[in-house]
Amino acid sequence: MNLWLTLAVNSIALGGLLFLLSAGFSLIFGLMRIPNLMHGSFFMLGAYFGVTFLSRGMNFWLAALLSGAAMAVIGGVIERFLLRRLEGQVLPQVLLTLGFAFIIGDISLMVWTGDPWQPATPAHLQGALQVAGLFFPIFRLVMVGVAVVIAIALWLMVDWTRLGAMIRAGVDDAPIARVVGIKVSQLFTLVFALGAALAAFAGVIGAPYLSVYPGLDFEMLPLALIVVILGGSGSLLGALVGSFLIGFLYNFGQAMFPDLAYVILFLPMLLVLVLRPQGLFGRVVS
Amino acid sequence: MTARNYRFAMITLTLALLVTLPAWVGNPYYVNIASQILFWAICALSLNVLVGYAGLVSLGHAGLFAMAGYAAGLMLAAGHGHALAILMALIVTLASTAVFAVLALRATGIGFLMITLAIGQIIWGIAYRWASLTNGDNGINVSTRPAPFGLSLASADGFYYATLVVFLATVATMIVFVRSPFGASLRGTRDQERRMNMLGYNVWLIRFLAILFSGLWTGIAGLLFVYYNQFISPQVAALQTSAEILLMVISGGTGTLLGPVVGAGIVVIMKNVVSAYIERWNLVLGVIFVVIITFMPEGLVPGTARLWRYGWHRLKSRRLAVREKAESAAS
């Protein structure tokens, strides 16, 4: 009983982290149709930035925000000056983002070496909460809390603000959105930077939980992919549901079939693809 | 010399160079590199069937490549003979390619790419994490190379010739494939999907068969790889390998037969040279991707052809201008 509950808490924590990772990916993919294969690299580079800030004694939350801001700038620049020129050309976009993924991966290896870095959980978030005789690690609860707050903030932004309305217009019909005077191009850069920032932020939040090591980028990228294929691209609700599904599958798979945990992760994706190719919450694009 | 004669002479010369290669290269190290180029070229040619002729970009081909290698390695480790291992490897590859195709063809464009990437990662995950089957990171050793018709492949030269025979067979098959009515209908599905549908072609089936064809040759390249290295590890199935194969296709030029071969040569040579001097192959790989996309998006072979034509044209028009000037001065 206790084991299952612990697993469930871990699953929810991982789900929250995955949501932070894939919300940006989903927006980028849904709005701009850019298959951003460096999203996992944003996560890893953000995490490395985070551990560097933390090792200088910076406050955990400040480090996470700063790392997110730095990645927003990097992502924005790559979008503005390179990806922008390839609008609508899938293959060149893939190659460019893949190329940057390799560059970022190798530079990280060079700067931070091959050893894993695991920052300590910040002091004020250590310990566990005791509820009805069961212990819940505070840090994991906080991870979930942060994910929920950001999910609500994103939902408010997309569904209730003028900016969100413009983004949705861009997702639905970019040419018409341009015609009615929405600066889709600037919006794209903004969304790309936001996605990059979210990934980096997730990287720092996840660092004490996952630790940071070379190869983390290509381990996280497929997870973001599955979440988005599961939930449907461009749908925040889809990303949320997909993240928690994957969080549960990963932890329970790890506990029950350790050899095949990674494979089990992909089964729901395959199932969804066969039964509902547009994803659980995706719309059919004609 | 007419264009046809010229082409015939070029092909004869290339064949002669390839066949006599071990003699004039001498050093087994370079013969081995030539073998590597050839089997990677087979792999790049088979991916090119999808990227160049079907318009389907797969990032999971390393998975199919590794699948063949692992199947053969596991069969050999279980004590079976080479013939059975190779046969089994091809059957396994073909069967898994069929599953791969059915899943990936749920989408085209970016969707296809993402699904193939995810499937490729599954295969990597199996190879890496299912340690009781695949021996995990330690990989599988293949102790012997086969000796078809009593010819030993143990030496660098022997293996080179075996690879060359398979390579020539691949090229011949690809030429027939590209020029066949099926190849034409495949290009049709790439350019005009709806029209092909309206004309009564089964677009899905055409794509499915193209993926099977591509997967089979990828598997053959994977077999050559595993016999060449006599070792296979999950690294082969990683996304990086898929990206390298894609780089070969793109850098050489998609939709041409020469492109992927040239691309394979460039990538293999670069990789060997780069890793001899610095460790940073991944960095170089990434930079090449970005540079190619920025400066020669159509690939080296068509890009060079374009520059060549452009230069030739400039030269001709300049000569013409000079002659005209001379004539006008004379008159």
Side-chain angles (χ1 to χ4, degrees), chain A residues 29 33-35 37-38 40-41 78 82-83 85-86 89-107 109-110 214-215 217-219 221-226 228-229 233 254 257-267 269-270 272-279, chain B residues 51 55-57 59 99 102-115 117-134 136 238-240 242-244 246-247 249-251 254 278-294 297-298:
Chain A
F29 191 45
R33 313 298 304 157
I34 292 179
L37 296 187
M38 49 184 167
S41 315
I78 293 179
L82 291 164
L83 274 174
R85 298 157 40 144
L86 305 170
Q89 301 163 260
V90 175
L91 185 57
Q93 285 175 343
V94 166
L95 295 185
L96 189 82
T97 53
L98 195 59
F100 269 108
F102 284 137
I103 294 174
I104 293 175
D106 217 27
I107 289 180
L109 185 62
M110 205 150 61
D217 44 357
F218 287 125
E219 217 157 298
L221 175 68
L223 294 184
L225 271 181
I226 315 172
V228 171
I229 292 177
S233 69
Q254 198 83 278
F257 312 97
D259 276 358
L260 293 175
Y262 199 75
V263 180
I264 289 172
L265 223 47
F266 289 87
L267 290 179
M269 182 196 81
L270 300 184
V272 163
L273 274 175
V274 172
L275 298 175
R276 200 179 148 80
Q278 73 272 27
Chain B
V51 178
L56 299 167
V57 182
L59 267 178
V99 178
V102 168
L103 291 170
L105 278 178
R106 296 301 297 192
T108 51
I110 312 179
F112 183 87
L113 182 129
M114 300 238 169
I115 299 170
L117 189 144
I119 299 174
Q121 290 300 106
I122 298 183
I123 298 175
W124 172 82
I126 295 176
Y128 183 49
R129 304 273 171 86
W130 196 348
S132 51
L133 176 71
T134 63
L239 177 61
Q240 170 164 1
S242 285
E244 279 172 17
L246 192 62
L247 181 66
V249 177
I250 310 279
S251 66
T254 59
I278 45 170
E279 248 176 87
R280 305 262 86 91
W281 165 239
N282 268 353
L283 189 68
V284 176
L285 184 70
V287 171
I288 303 174
F289 266 133
V290 175
V291 168
I292 285 185
I293 291 315
T294 316
E298 79 268 54

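Quick caveat, the model's predicted, so the values are computed rather than measured.
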(message) To the nearest 0.5 Å, what is the distance between CG on L283(B) and CG on L109(A)?
(response) 10.5 Å

(request) Could I get the full list of ring-ring contact (aromatic ring centres under 6.0 Å, His included) partners for F102(A), not counting sequence neighbours? (result) F218(A)

(message) Counting C-beta onward and ignoring hydrogens, is there a side-chain heavy-atom pair between L56(B) and L105(B) closer than 4.5 Å?
(response) yes

(message) Report which part of V291(B) has an atom under 4.5 Å of a heavy atom belonging to chain A: side chain, backbone, both, or neither.
(response) neither

(request) Below 4.5 Å from any heavy atom of chain A, which atoms of I126(B) appear? Answer side chain, backbone, both or neither. (result) both

(message) Can you tell me which portion of V57(B) sits under 4.5 Å from chain A's heavy atoms? Options are side chain, backbone, both or neither.
(response) side chain

(message) Can you tell me which portion of F29(A) sits under 4.5 Å from chain B's heavy atoms? Options are side chain, backbone, both or neither.
(response) side chain

(request) Check whether L246(B) gets within reach of chain A through its side chain, its backbone, both or neither, counting any heavy atom under 4.5 Å. (result) side chain

(message) Can you tell me which of I226(A), V94(A), I107(A), I229(A) forms the most heavy-atom pairs within a distance under 4.5 Å of chain B?
(response) V94(A)

(message) What part of L59(B) gets within 4.5 angstrom of chain A, counting heavy atoms only: side chain, backbone, both, or neither?
(response) side chain

(message) When you compare the side chain of I104(A) with that of D217(A), does any pair of heavy atoms fall below 4.5 Å?
(response) no

(request) Find out whether V228(A) and M114(B) are in side-chain contact, i.e. whether some heavy atom of one side chain is under 4.5 Å from a heavy atom of the other. (result) no

(request) Using a 4.5 Å cut-off on heavy atoms from C-beta on, say whether the side chain of L37(A) contacts that of L117(B). (result) yes

(message) Can you tell me which portion of I122(B) sits under 4.5 Å from chain A's heavy atoms? Options are side chain, backbone, both or neither.
(response) both

(message) Does any backbone or side-chain atom of L113(B) lie under 4.5 Å from a heavy atom of chain A? Answer side chain, backbone, both or neither.
(response) side chain

(message) Tell me every residue that passes side chain to side chain contact (heavy atoms under 4.5 Å, CB included) with Q254(A), counting only those two or more places apart in sequence or in another chain.
(response) Y250(A), A261(A)

(message) Which atoms of Q93(A) are under 4.5 Å from chain B, going by heavy atoms: the side chain, the backbone, both sets, or neither?
(response) neither

